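Below is one structure; the comments refer to it alone.
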2 protein chains.
Amino acid sequence: MTGYSIGEISHLTGLTIDTLRYYERIELLVDIRRNQSGHRCYSDDDLGWLNLLVCLRETGMSIADMTRFAVLIRQGEESVPDRVTLLSKHRQDVLNKIAQMEQKLEGVEAKINHYLEQEKNK
Amino acid sequence: MTGYSIGEISHLTGLTIDTLRYYERIELLVDIRRNQSGHRCYSDDDLGWLNLLVCLRETGMSIADMTRFAVLIRQGEESVPDRVTLLSKHRQDVLNKIAQMEQKLEGVEAKINHYLEQEKNK
DNA sequence: TCTTGACCTTGAGTCCACTCCAGCTTGTAT
DNA sequence: ATACAAGCTGGAGTGGACTCAAGGTCAAGA
């Protein structure tokens, strides 16, 4: 209930402490509570938001787009349709990127097999 | 038979002209033939190598690793097992990364669905 | 009391992968 | 003859996403 320290959040999210402070600087993260001694004190909501950011980052969303999304959220309820649009577009981008990677991976596999053949016939 | 100009190769591979020259500068590409007027003249082998590089790049291999691979190739036949090792490791990395992206994408989809539910109950 | 360790801030630095610039040459079309 | 497109070089600049450094505060334990 007292919230999480930056070190705890770093462990829980996999983001470094420097990255957490950086995200706050660029306003990807706002209004983080502080305790008496000025240390950041993250809430469960903050943790939830960071976990979503990690999902977006790991699926290749740019910081610029994450920032756009964060702005939508700050605009409140009425931006929900826009948020759906943004995330849906991202979802499709990710699916395309995965398909693209799978296709190019075939080229790599063909090369591996070519080398294996070459070794076999020696 | 006369080979391809840098502009043609750019179209064929999707790499920009600047990137092609950059790859040569960092020795990802070596011994590109020149015509009488000093212009690059790429062979079919060069094109094949570039297409493989594109597969590696699009699947997320770093320039540093591509350079290592290029060095192995220049070492000749005896490096074939090492090339297989390098490419196989990359293949596994790509599969892991795709799996990771698919998993994190579920987090994004959950959020989309959450928003859609929220909109429905309004 | 004094030392650790975890935290704080501002500002600068790093790494990667290009990308752009200025000034020059060459070959083809009008 | 001249204009224009496409190419050349060496070197500098860019954008994205962090990452590090220096110097300071604060609370708890030996």
Side-chain angles (χ1 to χ4, degrees), chain A residues 2-43 46-47 50 52-70 90 93 97 100-101 104, chain B residues 2-43 46-47 50 52-70 90 93 97 100-101 104:
Chain A
T2 21
Y4 310 93
S5 73
I6 196 166
E8 283 164 348
I9 286 287
S10 171
H11 271 109
L12 290 168
T13 61
L15 298 168
T16 69
I17 288 177
D18 271 325
T19 298
L20 285 165
R21 287 198 278 245
Y22 166 65
Y23 280 4
E24 213 174 319
R25 244 196 289 200
I26 62 173
E27 289 172 81
L28 208 43
L29 211 54
V30 297
D31 297 332
I32 299 302
R33 240 187 21 253
R34 300 300 179 112
N35 66 15
Q36 320 81 295
S37 44
H39 293 193
R40 288 169 182 81
C41 185
Y42 297 81
S43 68
D46 295 331
L47 179 55
L50 280 166
L52 180 56
L53 284 185
V54 167
C55 287
L56 295 175
R57 178 178 89 151
E58 302 268 287
T59 51
M61 186 181 279
S62 68
I63 294 265
D65 279 353
M66 291 197 287
T67 304
R68 258 162 236 136
F69 185 52
H90 177 63
D93 288 348
K97 192 164 147 196
Q100 164 82 343
M101 285 179 77
K104 297 296 180 186
Chain B
T2 20
Y4 310 92
S5 72
I6 195 164
E8 283 164 347
I9 287 287
S10 171
H11 271 109
L12 289 169
T13 61
L15 298 168
T16 68
I17 289 177
D18 272 324
T19 297
L20 285 165
R21 288 198 277 242
Y22 166 66
Y23 280 4
E24 212 174 319
R25 247 195 287 199
I26 61 172
E27 289 172 80
L28 210 42
L29 212 56
V30 297
D31 297 332
I32 299 301
R33 238 183 27 249
R34 300 300 181 111
N35 66 14
Q36 320 81 295
S37 44
H39 292 191
R40 288 168 182 80
C41 185
Y42 297 81
S43 69
D46 295 330
L47 179 56
L50 281 166
L52 180 57
L53 283 184
V54 168
C55 288
L56 295 175
R57 179 177 90 150
E58 301 268 288
T59 51
M61 186 180 280
S62 68
I63 294 266
D65 279 353
M66 290 197 288
T67 304
R68 259 163 235 134
F69 185 53
H90 177 63
D93 289 348
K97 193 165 147 199
Q100 163 82 344
M101 286 180 75
K104 296 296 180 186

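Just so it is clear, the model here is predicted, and its values are computed rather than measured. Reminder, nothing fancy here: chain letters follow the sequence lines and each chain counts from 1.
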Open item on the list: If I take atom CD in residue B:Q36 and atom C1' in nucleotide D:dA6, what distance separates them, rounded to the nearest angstrom?
Closed with: 15 Å

Task: Closest heavy-atom pair and its distance - A:A70, A:L28 - done: CB-O, 4.2 Å

Task: Whole angstrom value for the distance that separates P of D:dC18 from CG of A:L15 - done: 8 Å

Task: B:L15 side chain reached by B:V54 side chain, heavy atoms, under 4.5 Å - done: yes

TODO: Assign B:R40 to base, sugar-phosphate, or nothing according to its heavy-atom contacts below 4.0 angstrom with the strands shown.
DONE: sugar-phosphate

Open item on the list: For B:C41 versus B:T2, what's the shortest heavy-atom pair and its separation?
Closed with: SG-O, 2.6 Å

Task: Given D:dG7, D:dG11, D:dC26, the nucleotide with the shortest approach to the side chain of B:R25 - done: D:dG11

Task: Side chain B:T67, main chain B:I63, donor-acceptor under 3.5 Å - done: yes

Task: Gap between atoms CD1 and P, on B:I6 and D:dA6 respectively (whole Å) - done: 13 Å

TODO: Give every residue pair that meets the salt bridge (Lys or Arg N to Asp or Glu O under 4.0 Å) criterion with at least one member in residues 16-29 of chain A, sequence neighbours excluded.
DONE: A:E24-A:R34, A:E24-A:R40

Open item on the list: So, taking the atom named OH in A:Y4 and the one named CG in A:L50, what distance separates them when rounded to the nearest 0.5 Å?
Closed with: 11.5 Å

Open item on the list: I want to check something: taking the side chain as every heavy atom from C-beta on, are B:Y42 and B:T13 in contact at a cut-off of under 4.5 Å?
Closed with: no

Open item on the list: From CD1 of A:I26 over to P of D:dG15, roughly how many Å is that when rounded to an integer?
Closed with: 16 Å

TODO: Report the distance from atom CG of A:D18 to atom P of D:dT19, rounded to the nearest whole Å.
DONE: 8 Å

Task: Boundaries of the chain A footprint along DNA chain C (any atom under 4.0 Å from a heavy atom) - done: C:dC7 to C:dG11

- [ ] With DNA chain C as reference, determine whether B:Y22 or A:C41 sits nearer its 5' end, using the nearest nucleotide of each.
- [x] A:C41

Task: Interatomic distance where CG belongs to A:L53 and P belongs to D:dA17 [whole Å] - done: 13 Å

TODO: Using the closest heavy atom to pick a nucleotide of DNA chain C for each, name whichever of B:S37 or B:A64 lands nearer the 5' end.
DONE: B:A64

Task: Whole-Å distance separating the CG atom of B:N35 from the P atom of D:dG7 - done: 10 Å

Open item on the list: Rounded to whole Å, how long is the line connecting atom CZ of A:R57 with atom P of D:dA17?
Closed with: 10 Å

